[in-house]
Amino acid sequence: IGHDLGKLLEELKSLLEEEFPELDTKLPSEFEDTIRVFSDFDPRGTAFRYSGDSFREAWVDIMQLKSRMEWMTESFQIIWARLQVRRRRQ
């Protein structure tokens, strides 16, 4: 899978379906859209990790980006915590 965000998103969706089938879990469209925007902008997952990579310039609303990243971070933390609880019970 590497750093391909599109593939990682699909893995996350599969994980949620497998681990929480009783919840009929579906990611909010804003969550998926955010990951897909990053994936489309940086398909190899290197633009924000290495200097010298050439990528196109983009203008972003930094406060909106900050807010979205905080929301996604919190979501990932909740998913992780629930997975840990579920796995301890098994």
Candidate pair M69 and T34, rule side chain to side chain contact (heavy atoms under 4.5 Å, CB included), full reasoning = CA-CA 9 Å; M69 292 296 103; T34 300; 3.6 Å; yes
request  = Applying side-chain contact (heavy atoms from CB on, under 4.5 Å), name anything that partners E74, two or more places apart in sequence or on another chain.
outcome  = I78
Evaluation steps, side chain to side chain contact (heavy atoms under 4.5 Å, CB included), between F31 and F76 = CA-CA 11 Å; F31 196 95; F76 283 126; 3.6 Å; yes
message = Closer than 4.0 angstrom, basic N to acidic O: yes or no for K66 and E70?
response = yes
note = With sequence neighbours left out, the residues meeting salt bridge (Lys or Arg N to Asp or Glu O under 4.0 Å) with R87 are E19
remark   = Separation between CG (L5) and CZ (F41), nearest 0.5 Å, reads 12.5 Å
query = With a 4.5 Å limit on heavy-atom distance, are the side chains of F20 and L15 in contact?
reply = no
key: Interatomic distance, D4 atom CG to S39 atom OG [nearest 0.5 angstrom]   = 5.5 Å
task = Compare all side-chain heavy atoms of W80 with those of S75 and state whether any distance is below 4.5 angstrom.
result = no
ask   = Which residues pass the side-chain contact (heavy atoms from CB on, under 4.5 Å) test with Q77, sequence neighbours left out?
value = T73
inquiry  = Check E10 with K13, please: is the shortest side-chain N to carboxylate O separation under 4.0 Å?
reply    = yes
query = Less than 4.5 Å apart, any side-chain heavy atom of D33 and any of F38?
reply = no
Residues E30, R36: salt bridge by 4.0 Å N-O rule = no
message = Please report the interatomic distance CD1(I79) to CG(L27), rounded to the nearest 0.5 Å.
response = 6.0 Å
key: Close side-chain approach of M72 to I35, heavy-atom, < 4.5 Å   = yes
remark   = d(S67 OG, I62 CD1) to nearest 0.5 Å is 11.5 Å
query = Does atom CZ of R86 have more than 12 heavy-atom neighbours from other groups under 6.0 Å away?
reply = yes
